[in-house]
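Everything below concerns the one structure shown next.
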Amino acid sequence: MRTDTPAGTTATGTLPAREHLPVGAAGPPVLDVVIPVFNEEKDLEPCVRRLHDHLAATFPYGFRITVADNASTDRTPRVAAALAASVPGVRALRLEQKGRGRALRAVWAASDAPVLAYMDVDLSTDLNALLPLVAPLISGHSDLAIGSRLARSSRVVRGAKREFVSRTYNLILRGSLAARFSDAQCGFKAIRREVAERLLPMVEDTDWFFDTELLVLAERAGLRIHEVPVDWVDDPDSTVHIVRTAVDDLKGVLRVGRALAVGALPLDRLARPFGDDPRDGRISGVPGGLARQLVGFCAVGALSTLCYLLLYSVFRAGAGPQPANAAALLLSAVANTAANRRLTFGVRGRERAVRHQAQGLVVFGIGLALTSGSLAALDAAAGSPSHGTELAALVVANLAATLLRFLLLRAWVFPDRRALPRPRPTGVSAADAGTDGAAPDVRTAGTALDAGTNGAASDAPTAGTTTGDRR
């Protein structure tokens, strides 16, 4: 799994706020549509000309069509070269290795267009969905966009076998990786360039699982994925090997699931600020993510309490109440700290994990003092209390310790470092930095989208056709 830092970024840097692409400015095309091909000498020319005619007639921004040849062995390279020479806005790229993901990575990484898209050469997707696909990316509303053949309003013509495979694969993704997007493998997607710059180095697959891995990582990082219902007609001459592709996809699911489970991916590089209002970064007195953290903490706490009571009952059979309580609380505390670290406070990776566990043990000591004190008080008051009475006393003591545990975890063990004051750049006064000495809004170099339209119409497309949009 790739974890290297993209050039020009830092491990702790985050994405800037999304912005609407400027209209009427000079610069590269706004949209670069990639068509990956392998031995498509017959279909390539009519499909490219049809796509070009459609974009020229309906798309209000500058565009480019890039044919990415995946080591074809027929006349495909010559057809692509002829199209690039004769059709304005078309270019051809030759790769000596196969793989749809490899082709998309090569073109997207080198493209200067602020919005990057791709579609299959057979044009199975109705081209009228292309503008609704990229409009939310141009407007700054979303980070990625996908066509969905499984949306309620989609109209799809394909065989029963492909329908079964597609829906089964979607269920596997939902069950194993908790994916919420509806169609990972539809060959009709788009992404903003600054997101691709951060996301592509983390994607390992170079073939058909590339799409799924890209979407899963984007969703886990909290990026917004826009879905467009599409009309789609299956290509009966498709050369995709269904069984081999399915096996490779399942291997990819296991690999990505394992990487996510151990926190091996630096998804914090893909974080977005909340909204584009500059006031959002200066709101004081409002803890970020408090409601979500409380829900996660309660869920982890409920499971930890059940685990603790079960362990106490097991240890109590062979030891006294105090040793049984200490052993059960110690084991459940280690598991509780690890679960809260990942699920409640969103800390990934192994960095500072030992320190977090050590701090968690201090919190454990406070809980131990409260629960041990309750057992001692119960024993002094009741003499020889029943096992049920002991459990009831422990539950009450744990409830009393829960609030203190949450506050200590949130404020001391897992503080929100994004809320800490940032050092002011040298030579910047407090007045220049903003009110109350806040740091100025600094954007990562190379991510501001300043590309325009090459003389295209000034009316920006709206995202009014959005369905299934998700945060």
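The figures that follow rest on heavy atoms only: side chains count, while hydrogens, waters and symmetry mates do not.
Side-chain contact between Thr206 and Gln97 is absent, with no heavy-atom pair separated by less than 4.5 Å. Between Leu31 and Val33 there is a side-chain heavy-atom pair separated by less than 4.5 Å. Counting heavy atoms from C-beta on, the side chains of Leu214 and Leu144 come closer than 4.5 Å. When side chains are defined from C-beta on, Leu131 does not count as touching Tyr61, because their heavy atoms never get closer than 4.5 Å. In this structure, Glu219 and Leu215 have side chains that are not in contact, with every pair of non-hydrogen atoms separated by 4.5 Å or more. Here the side chains of Leu217 and Leu265 are in contact, with some heavy-atom distance below 4.5 Å. Contact annotation: the side chain of Asp183 never approaches that of Trp232 to less than 4.5 Å [non-hydrogen atoms, C-beta and beyond]. Annotation: side chain of Asp234 is not in contact with side chain of Val156 (no heavy-atom distance under 4.5 Å).
The only option from Asp248, Asp211, Asp205, Asp207 that meets the salt bridge (charged side-chain N to carboxylate O under 4.0 Å, His left out) definition with Arg100 turns out to be Asp211.
Closest approach of Leu95 to Ala103, counting heavy atoms only: CD2-CA, 3.8 Å.
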Decide side chain to side chain contact (heavy atoms under 4.5 Å, CB included) for Glu213 and Arg255; before the verdict, give the C-alpha distance in whole Å, the side-chain angles of both, and the deciding distance to 0.1 Å.
CA-CA 10 Å; Glu213 188 170 355; Arg255 174 176 53 79; 3.0 Å; yes

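Salt-bridge check for Asp32 with Arg193: failed, with every basic side-chain N at 4.0 Å or more from each acidic carboxylate O. Taking 4.0 Å as the cut-off between side-chain N and carboxylate O, Glu163 and Arg167 count as a salt-bridged pair.
Taking the six-membered ring where tryptophan is involved, the planes of Trp108 and Phe210 are tilted, since the angle between them lies from 30° to 60°.
Residues satisfying the side chain to side chain donor-acceptor pair (under 3.5 Å) test with Ser124, not counting sequence neighbours, are Asp122.
Other residues, nucleotides and ligands contribute at most 12 non-hydrogen atoms within 6.0 Å of the CZ atom of Arg155.
We find the CG-NE2 distance between Asn340 and His356 to be 12.0 Å, quoted to the nearest 0.5 Å.
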